[in-house]
2 protein chains.
Amino acid sequence: MTEPATAPRRSDATKAAILDAARERFAADGYERATIRAIARDANIDPSMVMRYYGNKEGLFVAASSIDLRIPELGALPGKHVGAVLVGHFLDRWEGDDVLTGMLRVSVTNEAGAERMRAIFAGQIGAVTAGVCPVPAEAARRAVLVASQILGMALARYVLRFGPAVEMSRDEVIAWLAPTVQRYLTAETP
Amino acid sequence: MTEPATAPRRSDATKAAILDAARERFAADGYERATIRAIARDANIDPSMVMRYYGNKEGLFVAASSIDLRIPELGALPGKHVGAVLVGHFLDRWEGDDVLTGMLRVSVTNEAGAERMRAIFAGQIGAVTAGVCPVPAEAARRAVLVASQILGMALARYVLRFGPAVEMSRDEVIAWLAPTVQRYLTAETP
DNA sequence: CTGGCATGTCAACGCTTGTTGGCCTACATT
DNA sequence: AATGTAGGCCAACAAGCGTTGACATGCCAG
């Protein structure tokens, strides 16, 4: 039993193609306008295959949007730079693939998407704030403040595409947002 | 001729009812899920009336989302409090009616909505930054930074409904966000 | 070679959507 | 009172949606 896991099936490539197409469509169009037919067309297969492998549209969305924010270890670095590291990390994460943009687009009109968004951001950012926040009881609130600035910039830069937000360089965004995030994380309660 | 304007028509009430229902539905459901039939049902009229008065769905949306942010006069107050005034004003504006929430929901999946959002926020906040920003050439960029924090909090509080964001009081939100906005407006370029 | 199972296509279903045109009603003007 | 017109409803259309089940094809084990 050297291979206890399920053997690689021939359909794995198809499943992956569907997932890729789904991510792209959800990111570009949001939940309602990303139709199963269009996703299937992109993946060069029949719409019924989507149903076979993912049950229904909601199942496909859930499968296409499994996210790990992969927030880096922060114990190692000086507490003063947590803000900059966090902002930089999120910029990388957002530009790496379409999944986060898709999540944001979908979560605005789809309750399941919103729930997922709440769990991901409150949970994974909350883990950070719990470590650096001077008032542990306020960790959840600090996490939401951080999320509001991160998501707001993502909205302006990747979804609404405000001209100046798109044109700013990575370093400029970090220079402006890092102090904000740093303050939300570590400042005394105002 | 004391009434040069068009005389009040009997259908004005109906038109207004349609617009009210449309605003509510767009705010609650976003563009695609806010159906003309549902809006008509809310307004207690036939769907065809919507077409008669507003042409098509997009026309209805345009009519339902004419917005003036009504940013207050700021020349009168000390420059140091501009941030707090601005944040407080936007909270009021957002909680006063559903129009801004609707705009935000729609603009994420609808290009016309996004264009409208860009024009409104870049334009009307830009007018403020042009007055108080130490580097006039950067006014547009400062405006977008302010918008990113304002919209991010609106997203967390009114759309995604993050628990802690909903529970914060008006004063708490202002206390946290005002310094951020103030810095984006008046700080030297980092 | 033969059977069985995974993979994939095809055609259709029931439903909802935006949108249209015809028809009835009630008011306002003459 | 007669009539033109604005306000409103009804029924229907074509298109698109998610979803389903029957049928063809390929692959691999026996």
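A note on names: the letters A, B, ... follow the listed sequences, proteins ahead of strands, and every chain is numbered from 1.
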What are the two closest heavy atoms between B:M153 and B:A165, and how far apart are they? SD-CB, 4.5 Å
Measure the CG-CE distance between A:L177 and A:M168 for me, rounded to the nearest 0.5 Å. 7.0 Å
Listed partners of B:E138 passing salt bridge (Lys or Arg N to Asp or Glu O under 4.0 Å), at least two apart: B:R142
Got a sec, which residues hit side chain to side chain contact (heavy atoms under 4.5 Å, CB included) with A:A21, two or more places apart in sequence or on another chain? A:I39, A:D42, A:A43
What pairs meet the ring pair (Phe, Tyr, Trp, His ring centres under 6.0 Å) rule with one or both residues in residues 137-156 of chain A, with sequence neighbours excluded? none
Can you name the ring-ring contact (aromatic ring centres under 6.0 Å, His included) partners of B:F162, sequence neighbours left out? none
Outermost contacting nts on DNA chain D, any atom under 4.0 Å from chain B heavy atoms, listed 5' then 3', are D:dG7 to D:dA12
Decide, yes or no, whether a salt bridge links B:E111 with A:R161 under the criterion of side-chain N to carboxylate O below 4.0 Å. no
Can you check nucleotides 21-25 of chain C for protein contacts, nitrogen or oxygen pairs under 3.5 Å, and list what you find?
none

Between B:M51 (CE) and C:dT17 (C1'), how many Å, whole number? 11 Å
Results of side chain to side chain contact (heavy atoms under 4.5 Å, CB included) for B:D92 - residues two or more places apart only: B:R170
What is the distance from CD1 of A:I45 to P of C:dA6, rounded to the nearest Å? 19 Å
Could you tell me which residues satisfy salt bridge (Lys or Arg N to Asp or Glu O under 4.0 Å) with B:R183, sequence neighbours excluded, listed by chain and number? none
Under 3.5 Å, is there a donor-acceptor pair linking the side chains of A:D171 and A:S169? no
Quick one: list whatever passes salt bridge (Lys or Arg N to Asp or Glu O under 4.0 Å) with A:E188, sequence neighbours left out. none
Residue list, side chain to side chain contact (heavy atoms under 4.5 Å, CB included) with A:R33, at least two apart or on another chain: A:D29, B:E32
So A:L145 and A:V181, side chain to side chain contact (heavy atoms under 4.5 Å, CB included) or not? Walk me through it. CA-CA 8 Å; A:L145 286 163; A:V181 171; over 6 Å; no
Heavy atoms only, 4.0 Å cut-off, all strands: where does B:Y54 land among base, sugar-phosphate and nothing? nothing
Rounded to the nearest Å, what distance is computed from the NZ atom of residue A:K15 to the P atom of nucleotide C:dA6? 11 Å
Which ranges of DNA chain C pair up as stems, where a stem means three or more consecutive Watson-Crick or G-U pairs with both distances under 3.5 Å? C:4-23 with D:8-27, C:25-30 with D:1-6
Here the residues of residues 20-41 of chain A within 4.0 Å heavy-atom distance, strictly under, of DNA chain D are A:T35, A:I36, A:R37
